[in-house]
Peer 1: 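Okay, handing you the structure first.
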Amino acid sequence: MSLITAPFTTASGADVVVRFCPSPTGTPHVGLIRTALFNWAYARHTGGKFVFRIEDTDAERDSEESFEMILDGLRWLGLNWDEGVGVGGPNEPYRQSERKHIYLEVIEKLKASGHIYESFLNAEEIDARNKAAGRAVQLGYDNSERELSAEQRAAYIAEGRSPALRLRVPDQDITFTDLVRGEITFPAGSFPDFVVVRPNGQPLYTLVNPVDDALMGITHVLRGEDLLSSTPRQIALYNAMYEAGITKFIPQFGHLPFVMGDGNKKLSKRDPESNLFHHRDRGFIPEGLLNYLALLGWGLSADRDVFSLDEFVAAFDVANVNPNPARFDQKKADAINASQIRLLAADDFKSRIVPYLQSAGVLGKTVSAEEDAILNAAAPLIQERITVLGEAPDLLAFLFKSAGEIVIEDDARNGLPDNAAEIAHVSADALEAVAEAEFKTEHIQQVLNAVLIEKMELKPRVAFGPLRTAISGRRISPPLFESMEILGKAETVSRLRAFA
RNA sequence: GGCCCCAUCGUUUAGCGGCCUAGGACGCUGCCCUCUCACGGCAGUAGCGCGGGUUCAAAUCCCGCUGGGGUCACCA
């Protein structure tokens, strides 16, 4: 007999209500965001509600700064919520730090119904009891205070001790059907009565999380696998809340696979790629990151891994989430992002690289009409060749500089032929003769081909390397002739002449 | 240690008993395209952890083992 069978009304028939409830500690982790994404997608897929709540019950570790970062991250990615922090809703407030009065009420009810009881033993005493009884210390609490007599209680109080509150865990197996893993059973006795309220009256996560889920009508709890073993405890609490008339049903649970780093360990906060903003700073676009994150434990189909958010939402179902741990593969993520960049409309792409050009100092705070024109011409040239937007500044900087500011990089200089300077100067002469109006990509190519390839009989590779270096200073650049057209005749000739 | 989860190419994933001499993607290698780098095209590389069952037939179902991970707080 498992607890979640009758008398519960399961959530399966109800409108879907999912939630994302991070605790604001540190910078947002990609695993956390993946969890948010799957919850969001499930809500959107089913036409349900996505609730955003903040679990800031640990004043020691929580910070407002971290809270702001989570908001920033969700907004950047476009993961909007229907109810919760910032947007309000019927279950305000949505920050646990502001909900203490609610928990106090629940605690009173649970006390009155006998589901939670006072526990005076401290950690040392619990260990001592286990040792004295010849039990392993790891067993923890032995439920010995379930039936404290009034005298015993009075004695503790007389000593000036205040009790913690523990949930009376039913002595029976607890079974539930995990949405991604199927049926899971925890045998009776897998864990002891656990503390839900500290002696100082502070309710703990063990209480507060299920209480909020119950009060907010959460139907599906989609969260990380690390919480799998706390699920039976929460089901026991739900059982108590049901019996105390606090909730009408129990949600369904689905535990999403871990996001792993290198080796066989979870992607740690120490790993730079765990940080959401690390990717934004490098120049991931939301479409790219979201697409990749969706692949962490899920797939659209056997032969497609680049897809839009809409396609993702239309196809997503928790039931199809893979239970295996997923590895965060930066190379694959980069490849997905590159593909998503290719799919952007030209205008859109242009506007997205601007902030990166600005923060790299290639462009100033305001973009002049002249610079905008260059961007319009140049952006399409690099949209096909970059992986992250952060590559744009290096690729485009030379277009916004003057001849004198071009610095020839060693990498570019090394591969050049001995007569590189001659090639540059001959080209300058040839281009000098081109009419201003004729200074277009195609014509530039014809002129240079004539003088370098045909007349000097150079291989294209040998001929154009020096020119690329002369005008851009780099070995890698946008296409050469297009770049020359953008620079204009005078600037191009000037750079070629300056090359030595 | 108790309890729980997981197990297909280097990585990720398809496969839910015969379509599998195991498919795709990323990566890697080679070739083609080519003014560099990319893009694109073509080809190649490499995998069902082990052992038992069940079955006419198992990557697919069952059991065991091994390996990995998580969790056992008056953290979340």
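Computation of the quantities below employed the complete heavy-atom set of this structure, encompassing side-chain atoms and omitting hydrogens, waters and symmetry-equivalent molecules. Sequence lines set the chain letters: A, B, ... in the order given, protein chains first and strands last, and positions in each chain run from 1. Quick caveat: nothing in here was measured; it's all calculated off a predicted structure.
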Peer 1: Using the test salt bridge (charged side-chain N to carboxylate O under 4.0 Å, His left out), find all partners of Asp348(A) that sit at least two apart in sequence or belong to another chain.
Peer 2: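 Here the qualifying residues are Arg352(A).
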Peer 1: Across nucleotides 69-76 of chain B, 5' to 3', mark each nucleotide with B, S or - according to how protein heavy atoms within less than 4.0 Å reach it.
Peer 2: SSS--BBB
Peer 1: Taking only distance into account, with no hydrogens and no angle test, what donor-acceptor pairs under 3.5 Å do side-chain atoms of residues 440-468 of chain A form with protein atoms, sequence neighbours excluded?
Peer 2:
| from | atom 1 | to | atom 2 | distance (Å) |
| --- | --- | --- | --- | --- |
| Thr441(A) | OG1 | Glu485(A) | OE1 | 2.7 |
| Asn449(A) | ND2 | Gln445(A) | O | 3.4 |
| Arg468(A) | NH1 | Ser477(A) | OG | 2.7 |
| Arg468(A) | NH1 | Pro478(A) | O | 3.3 |

Peer 1: Measuring only the P atom in each nucleotide, how far is A59(B) from C26(B)? A whole number of Å is fine.
Peer 2: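 To the nearest whole Å, 28 Å.
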Peer 1: Lys350(A): what forms a side-chain hydrogen bond (donor to acceptor under 3.5 Å, both in side chains) with it, not counting sequence neighbours?
Peer 2: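 Partners of Lys350(A) under the side-chain hydrogen bond (donor to acceptor under 3.5 Å, both in side chains) test: Asp372(A), Asn376(A).
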Peer 1: Given that Pro325(A) and Ile476(A) both sit by RNA chain B, which one's nearest nucleotide is further toward the 5' end?
Peer 2: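 Going by which nucleotide is closer to the 5' end, it is Pro325(A).
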Peer 1: For Arg223(A), enumerate each residue passing the side-chain hydrogen bond (donor to acceptor under 3.5 Å, both in side chains) test, keeping only those at least two apart in sequence or located in another chain.
Peer 2: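 In terms of side-chain hydrogen bond (donor to acceptor under 3.5 Å, both in side chains), with neighbours along the sequence ignored, Arg223(A) is linked to Thr231(A), Gln234(A), His255(A).
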Peer 1: Less than 6.0 angstrom from the centroid, inside 45 degrees of the normal: does Arg233(A) satisfy that with respect to the ring of Tyr238(A)?
Peer 2: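 No, Arg233(A) and Tyr238(A) do not form such a contact.
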Peer 1: Using nucleotides 39-44 of chain B, report all nitrogen or oxygen pairs with the protein that are shorter than 3.5 Å.
Peer 2:
| from | atom 1 | to | atom 2 | distance (Å) |
| --- | --- | --- | --- | --- |
| C39(B) | O2' | Glu384(A) | OE1 | 2.8 |

Peer 1: Take atom P in C62(B) and the same atom in U54(B), then report the distance between them in whole Å.
Peer 2: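 Roughly 15 Å separates the two P atoms.
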Peer 1: With sequence neighbours excluded, what pairs up with Arg146(A) under the salt bridge (charged side-chain N to carboxylate O under 4.0 Å, His left out) test?
Peer 2: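 Checked Arg146(A) against salt bridge (charged side-chain N to carboxylate O under 4.0 Å, His left out); matches are Asp193(A).
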Peer 1: Spell out protein contact along nucleotides 15-35 of chain B as letters: B when the base is contacted, S when just the sugar-phosphate is, - when no protein heavy atom is under 4.0 Å; keep the 5' to 3' order.
Peer 2: --------BBBSS-------B
Peer 1: With Phe258(A), which residues qualify under ring pair (Phe, Tyr, Trp, His ring centres under 6.0 Å), at least two apart?
Peer 2: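 Testing Phe258(A) for ring pair (Phe, Tyr, Trp, His ring centres under 6.0 Å), a comparison that skips the adjacent residues, returns none.
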Peer 1: May I have all residue pairs that pass ring-ring contact (aromatic ring centres under 6.0 Å, His included) and include part of residues 324-343 of chain A, sequence neighbours excluded?
Peer 2: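 Counting only pairs at least two positions apart or across chains, the ring-ring contact (aromatic ring centres under 6.0 Å, His included) contacts touching residues 324-343 of chain A are His279(A)-Phe328(A), Tyr292(A)-Phe328(A).
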Peer 1: Mind checking side-chain hydrogen bond (donor to acceptor under 3.5 Å, both in side chains) for Asp347(A) and listing every partner two or more places apart, or none if nothing turns up?
Peer 2: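 None.
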Peer 1: In chain order, what residues pass the salt bridge (charged side-chain N to carboxylate O under 4.0 Å, His left out) check against Arg342(A), with sequence neighbours excluded?
Peer 2: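 If we apply the salt bridge (charged side-chain N to carboxylate O under 4.0 Å, His left out) test to Arg342(A), skipping adjacent residues, there are no hits.
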